S.K.: 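Here you go, one structure.
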Amino acid sequence: MSNERTQQTVAIPLPKAKKNLVQIGCICMMLSVAMYGLVFSTLTSPILESVNAMGYVGLFSIFAALGVSIMTPIGGKLGDLIGRRNIVVIPGIICIICGVAFAFVRSLVPLMALRLLISLAQGAFTAAPYIIMGLINERKDVPKAMGMLAAAIAVGGFGGSIIAGEMPLYVIIAGILTDMNMLTVAILMPALPLILGIVLIGLNMPNQKREGKVTIDIPGIIALVVTLCAILLSLNFGSSIGWTNPAIIGGFILGIVALVALIKIEEKAEEPIIPLALFKNKNYTMLLVVGFASYFYQNAMNVYAPIGAMQVMGKSASIAGSLQMPRTLLTIIVPIIAGTWVGKKTSNMWKAMVGATALAGIPMLAMGFTSPTTPIMIYFVALTFTGIAESFRSVSITPAAQSMLEPKDIGVGTSFVNFFNSLSGTVAATVFAVAYNMNTAADPTNVELIQKGVNAVYWVAAIVGLVGLAIVILFVRPQMSDKKQQVEKTEEKCA
């Protein structure tokens, strides 16, 4: 009977040895994603300096954001069509080839093209480990599996030096290699865990896919690309060239028109790239909103906490850079423990979401009273609590969303959770820039105005986090209670 139950609760049952190898492969994939993110954020300057193209740093960042944003929702659907194994192996190989080529090319245009291809490939497979973990594990084990992925990402960004700010261990190694004129080796390093992940998943994971003829929604993909490019580029450039600039206004108008066209296309598509029925699922939609809210504060933490520490409190760059070190340590250790706890009871899932939102909003609120006399320890403690918030977020929202979906929608549904996370970061960066600039426009170097600017950012982040908390308590908690009752009824029938 227990075997029957396992078959019913695991979408893709695997022998224990193969399952463990696939899980290790997924962990390697996420480790590689974290390392690639670090190599491009840290080594972009020396890479572009080597081709006399320092003026293109911003464009490199935009290419990275666009590629991932475009391909994350598309990748989820493509996985349904071409298979879970193939959506890892094919884009993974493309990423490796482009990454290797990037390490040796020393010409601007090819570098730009390769950077875009790498981000597109990563967007296609980034959600795959989360989807696979949800398919090969029993429901009760999924949160722990998600915790392992979160820990892998944290390990990839582990902080080890505070010489020039918080420098992850891999960045230290990459920096040493760069100083030794071994920039090529530093760029190649993230391919190693990616190769291992592709091999482990490719050899041990069955290529589950839709039966019958594969139909790719080309018009939907085009409309989605236009929508995201128009809106995201407008959000990125709006704060720098002005929100009333005709190009920005035109971009938003184009994005809205393309979005309307996308909805019309998807309503009629045989195999829509975005199944609109997903958004008619109130339970799932609420979880997307909670995920958006619990991720929103991170730009405030990454960008404005160092500004507050250095420009308002007068602390050194090394102290400002070490603010996230205790948080990083927690995000390595806590996710697996939290995931194990969440998996024990369905009710623990919404409780974890309470932690994810409350421990994001309240620390931001505490930081919202920054002044020159504020003890730096408040920042350390507040950001350490956000490490617990991130741990709870990583093991609750994706498993909960998967439990609210039909098996046929898990791929694209999981991808949209990741997409909303990245969208939250983009929107947050724009909103925070507006809040900060409104307060510092008169004199960007005035400490009192900078103080008002960073505090405005923290207050906005706190409000969004606490709104997420309210949604969890008022909407998600009742949903999870209903889901628990349904599961119990199903188990009684199986028994």
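The structure displayed is predicted, hence computed values, not measured ones.
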S.K.: Taking Thr386 for its side chain and Ala360 for its backbone only, find out whether a donor-acceptor pair lies under 3.5 Å.
M.R.: no
S.K.: I want to check something: taking the side chain as every heavy atom from C-beta on, are Gln324 and Asn302 in contact at a cut-off of under 4.5 Å?
M.R.: yes
S.K.: Which distance, rounded to the nearest 0.5 Å, do you find between the CG of Leu194 and the CD1 of Ile96?
M.R.: 4.0 Å
S.K.: Determine whether a donor-acceptor pair (N or O, by modelled atom type, separation under 3.5 Å) exists between the side chain of Asn348 and the backbone of Lys344.
M.R.: no
S.K.: Ser415 side chain to Pro73 main-chain N or O, any donor-acceptor pair under 3.5 Å?
M.R.: no
S.K.: Can I get a per-line list of side-chain donor-acceptor pairs under 3.5 Å for residues 140-149, giving both atom names and the distance, sequence neighbours left out?
M.R.:
none

S.K.: Quick one: does Tyr295's side chain have a donor or acceptor within less than 3.5 Å of a partner on Arg393's backbone?
M.R.: no
S.K.: Taking C-beta and beyond as the side chain, do Pro372 and Met313 meet within less than 4.5 Å on heavy atoms?
M.R.: no
S.K.: Could you tell me if the side chain of Tyr297 sits less than 4.5 Å from the side chain of Val464, heavy atoms only?
M.R.: no
S.K.: Quick one: does any side-chain atom of Asn204 pair with a main-chain N or O of Val22 as donor and acceptor, under 3.5 Å?
M.R.: no
S.K.: Between Phe296 and Phe432, is the gap from one ring center to the other below 6.0 Å?
M.R.: yes
S.K.: For the aromatic rings, using the six-membered ring if either is Trp, is the centroid distance between Tyr436 and Tyr304 under 6.0 Å?
M.R.: yes
S.K.: Just wondering, do Ser294 and Ile397 contact through their side chains at under 4.5 Å, heavy atoms?
M.R.: yes
S.K.: Is a side-chain donor-acceptor pair under 3.5 Å present for Thr370 with Gln451?
M.R.: no
S.K.: For Met29 and Ile132: C-alpha separation, side-chain torsions, deciding distance, then whether side-chain contact (heavy atoms from CB on, under 4.5 Å) applies.
M.R.: CA-CA 12 Å; Met29 298 287 289; Ile132 291 172; over 6 Å; no
S.K.: Got a donor-acceptor contact below 3.5 angstrom from the Asp409 side chain to the Leu405 backbone?
M.R.: no
S.K.: Ring-plane angle category for Phe279 and Phe420, please: parallel below 30°, perpendicular beyond 60°, tilted otherwise.
M.R.: tilted
S.K.: Check whether any side-chain N or O of Thr398 sits under 3.5 Å from a backbone N or O of Ser394 as a donor-acceptor pair, and report yes or no.
M.R.: no
S.K.: Backbone N or O of Ile82 within a donor-acceptor pair of the Asn207 side chain at under 3.5 Å?
M.R.: yes
S.K.: Sorted by first residue and then second, give each ring-ring contact (aromatic ring centres under 6.0 Å, His included) pair with at least one member in residues 342-369; sequence neighbours left out.
M.R.: Phe369-Trp459
S.K.: Kindly indicate, with the supporting measurements, whether the criterion side-chain contact (heavy atoms from CB on, under 4.5 Å) is fulfilled by Ile274 and Val412.
M.R.: CA-CA 7 Å; Ile274 303 172; Val412 68; 5.7 Å; no
S.K.: Quick one: list whatever passes salt bridge (Lys or Arg N to Asp or Glu O under 4.0 Å) with Arg84, sequence neighbours left out.
M.R.: Asp80
S.K.: Could you check whether Ser371 and Thr374, counting side-chain N and O atoms only, form a donor-acceptor pair closer than 3.5 Å?
M.R.: yes
